[in-house]
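The structure appears right after this line, and notes come after that.
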Amino acid sequence: MSQSEYVIEKGVPLEKRQPYKKGRFPFDSMEVGDSFVVDKNQYKNARASAALYGKRNGKTFATRTLADKTNVRVWRTS
């Protein structure tokens, strides 16, 4: 894109942030040792969400594929 495609505007107020949206995974309710199961199709989503939640809140999580190979369990580890 060339510079001429952008319009610079002055005096536009900064919009407020959207309020915290509770995610689909129950990280905020978990204590150390708690876990939950997700479908393997949700694995990447759950792992990324756990990592981000943990980084923002000083907690850690671990994920493991279960023996049935169709589900993944997410644990809170600290």
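- Ser78 approaches Thr60 most closely through the heavy-atom pair OG-OG1, 2.5 Å.
- The shortest heavy-atom contact between Thr77 and Val32 is O-CG1, 3.7 Å.
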Please lay out, stage by stage, how Val37 and Leu66 fare under the test side chain to side chain contact (heavy atoms under 4.5 Å, CB included). CA-CA 9 Å; Val37 175; Leu66 300 179; 4.2 Å; yes
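- Smallest separation of non-hydrogen atoms from Arg73 and Ser35: NH1-OG, 2.8 Å.
- Taken from NZ in Lys40 to OG1 in Thr70, the straight-line distance is 8.5 Å, to the nearest 0.5 Å.
- At a threshold of 4.5 Å between non-hydrogen side-chain atoms, the residues Met30 and Phe36 count as touching.
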Could you walk me through whether Tyr43 and Thr63 pass the side chain to side chain contact (heavy atoms under 4.5 Å, CB included) test, one step at a time? CA-CA 8 Å; Tyr43 168 69; Thr63 58; 3.5 Å; yes
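- Closest heavy-atom contact between Ala46 and Phe27: O-CZ, 3.9 Å.
- Heavy-atom neighbours of Arg64 CZ from other residues, nucleotides or ligands within 6.0 Å: at or below the threshold of 12.
- The closest donor-acceptor contact from the side chain of Asp68 to the backbone of Asn71 lies under 3.5 Å.
- Classified by interplanar angle (parallel below 30°, tilted 30° to 60°, perpendicular above 60°), the ring pair Tyr53/Phe61 is perpendicular.
- The main-chain N or O of Lys59 is never found under 3.5 Å from a side-chain atom of Asn57 such that the two would form a donor-acceptor pair.
- From Ser49, atom OG reaches atom NZ of Lys44 across 13.5 Å, with rounding to the nearest 0.5 Å.
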